[in-house]
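Here is how names work: the chains are called A, B, and so on, in the same order as the sequence lines, proteins then strands, and each is numbered from 1. FYI, side chains are in, hydrogens and waters are out, and symmetry mates aren't considered; it's all heavy atoms of this structure.
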Amino acid sequence: MGLGVDWAVKWLNLSAEAMAEHRVELIELDRAIGDADHGENMDRGFQAVLQKLNESPPETAGAALKAAAMALMSKVGGAAGPLYGTAYLRAATSLGDAFELDAGAVASALAAARDGVVARGKAELGDKTMLDAWTPAVEAAQKAADNGDDALSALQAAAEAAETGAAATDPLVARKGRASYLGERSAGHRDPGAASTALLLRAAATAADGASGGTGG
Amino acid sequence: MGLGVDWAVKWLNLSAEAMAEHRVELIELDRAIGDADHGENMDRGFQAVLQKLNESPPETAGAALKAAAMALMSKVGGAAGPLYGTAYLRAATSLGDAFELDAGAVASALAAARDGVVARGKAELGDKTMLDAWTPAVEAAQKAADNGDDALSALQAAAEAAETGAAATDPLVARKGRASYLGERSAGHRDPGAASTALLLRAAATAADGASGGTGG
Amino acid sequence: MTVGIVVVSHSSKIAEGAVELATQMASDVGLVAAGGTDDGRIGTSFEKVLAAVEQSLAEAAGDGVVVLTDLGSAVMTAESVKEFASEPDAVHLADAPLVEGLVAAAVAAQGGAGVEEVRKAAEAAGGAV
Amino acid sequence: MTVGIVVVSHSSKIAEGAVELATQMASDVGLVAAGGTDDGRIGTSFEKVLAAVEQSLAEAAGDGVVVLTDLGSAVMTAESVKEFASEPDAVHLADAPLVEGLVAAAVAAQGGAGVEEVRKAAEAAGGAV
Ligand SMILES: Nc1ncnc2c1ncn2[C@@H]1O[C@H](COP(=O)(O)OP(=O)(O)O)[C@@H](O)[C@H]1O
Ligand SMILES: Nc1ncnc2c1ncn2[C@@H]1O[C@H](COP(=O)(O)OP(=O)(O)O)[C@@H](O)[C@H]1O
Ligand SMILES: [Mg+2]
Ligand SMILES: [Mg+2]
Ligand SMILES: [Mg+2]
Ligand SMILES: [Mg+2]
């Protein structure tokens, strides 16, 4: 049984909860190596996502992610806006009109999201950005899909890999984004965007755990 | 009979009159190749000069020019502020405590002023700036002094040379100041600062014409 | 007609002040400020920037629009807006210092320069003249 | 103690907005805005800049002050002020883009960099990161 629009909507709701819950934590991470607004940015962005979903409930997971993309793009107000906006938009395009998503579709959507982050931000792996959470997540999801695991397992693998990837940004020196202004002083702090990516992918896995599957066609 | 503080005060008063009278003309010159404020800047600057002179009447020509320098520096608000401020300050230093100025002292003071413009603005002759009026003025005054002419003659020669120098900026391409943003398009317009310099030096000559000389010691 | 210019800054004050400053030397050029977030915080707003770009495209009537930005997230917002704009190919991002580049670009546009020339004028602006 | 930074712009809005923007990344650094003329026009004010430099010198308590400027007349005003300042040798003019240079300089100062290093950080700031 694959994942459908219910999963996507649940994911976005859990994302909004996570951003509200970790708002201060993300702000503090950003205070250390940025401008102390990432938690505020993400919280506002996901509140706008919820509002958008309420105003016009989506019919597919792709439509849900597209609505989220536009809300994030508009309302985040920081680098994370165009980055997550582009990521979710590319993921939505990857999902297309599908009503049920298997592990392969999930892995492809995550890869498309990651490619969106790269297209928008031109970062490379190891630059201490959200890309350092997205990339291992994509690889883990792809591996799970290749193994024949289900979508839930793929998302769980992705979430875990993103968490590990976010933690692995701690010793890195930032080469993109505001934190790059700090040079060597950026080492010893977790990248806020990598941390938020890990939270969002964990929400995706949680939403899939016991998800009711697609709405059928 | 040399020039004294009465001449200096009269010069500054006539300067203020000239700036008020030519305010719009200088604004229009600056509109063509700048930001349309030179007349406004100079008018405000010289109103502040008059106020300062009224508040504490100077005892020497040098003191009068020093007071003018500080008022211009503070109140002009454009490039002309630090440029004329530095010029008048250097001229004041050149005059020192002298009560009577002969042609040589006048020529030296003008040279000091010109050097102040160069020190502050780093322009070269032909860059289409006020320097293109100051430089021929200094040369003409020096020549008059070398000829044994009196201070009035030296100032008259300086004024005439400044007027010619200002007119000669018309075909030049600006290489300093705002007008340099226009590149080739700056040609065909008179430099506003060169025009105001010519007006100020004409005021100096007019003030000397029939001036009562020094106040004595 | 002249090229339009959009000023994208994290701060609405910076964007507005820069437009005021450049207008003094380029009073016939359409300069549009897009600074700060929708809700007045420091940051950039996709919607504000999109609205500014569309206004500028309309005013430029085919002559094109140059977009100046301050920090990296403003660049990303501007690039996103370019993709969503009604005429993406008419939107040219300048890699230039915001204030200094704007004055140079505005003067070039005032002189009738084309969109590529205006962008280059912005990008050539270095230290203060 | 950290190096102080003074922002000299033709526009009070630009100077204030730039200080707000940089403060986000450098909340412990003394950033002083000196924009516009005494009477609120576009231009620079010797008195405003001198007051800002003196305030900054006092706050920096010996660590020195870096001055950022926008256009050429702001540079000339800042140079004049340096000559009149109580500690001319502690006043360092940066040849840098105003907004981009300020953010880089403020972050460097926040990190405890010395006055020369702060100036260099400003001058190294180019396009948006
Ligand atoms: N060029 C980039 N490529 C990828 N991610 C980036 C880039 N620039 C910034 N980021 C991410 O954005 C996060 C900061 O987001 P946020 O605080 O919302 O933006 P801002 O820096 O504009 O305040 C960083 O922690 C980093 O993960
Ligand atoms: N670097 C410079 N050296 C000499 N003169 C200069 C320089 N820059 C500008 N000027 C003079 O200043 C005049 C403009 O003065 P003003 O309009 O008061 O200043 P702003 O350009 O700041 O508005 C120019 O016409 C020119 O004569
Ligand atoms: Mg941030
Ligand atoms: Mg921010
Ligand atoms: Mg002017
Ligand atoms: Mg001016």
Taking all heavy atoms of A:G121 and all of C:M76, pick out the closest pair and write down the distance.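 Heavy atoms of A:G121 and C:M76 come nearest at CA-SD, 3.9 Å.
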Measure across C:E47 and A:S74 and return the closest heavy-atom pair with its distance rounded to 0.1 Å.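 For C:E47 and A:S74, the tightest heavy-atom pair comes out as OE2-OG, 3.0 Å.
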When heavy-atom pairs shorter than 4.5 Å are enumerated against chain A, which of C:V81, C:V49, C:D38 gives the highest number?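 Looking at each of C:V81, C:V49, C:D38 in turn, C:D38 comes out on top.
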Tell me whether [X] at atom [atom1] has more than 12 heavy atoms from other residues, nucleotides or ligands lying less than 6.0 Å away.
X	atom1	result
C:D39	CG	yes
A:E124	CD	no
A:E160	CD	no
A:K66	NZ	no

Rounded at 0.5 Å granularity, tell me how far CG in A:D35 sits from OG in C:S73.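 Going from CG on A:D35 over to OG on C:S73, the span is 7.5 Å.
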So how far is it from A:M73 CE to C:E83 CD, rounded to the nearest 0.5 Å?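 If we round to the nearest 0.5 Å, A:M73:CE and C:E83:CD are 7.5 Å apart.
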In terms of heavy-atom proximity below 4.5 Å to chain C, should A:K75 be classed as side chain, backbone, both, or neither?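 Contact with chain C: backbone and side chain both.
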Name the region of C:T37, side chain, backbone, both or neither, that has any atom closer than 4.5 Å to a heavy atom of chain A.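 Contact with chain A is through the side chain of C:T37 alone.
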Output the residues of residues 77-87 of chain A for which the shortest heavy-atom distance to chain C is under 4.5 Å, in residue-number order; output 'none' if no such residue exists.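 Within residues 77-87 of chain A, the residues under 4.5 Å from chain C are A:G77, A:G78, A:A79, A:P82, A:L83, A:T86.
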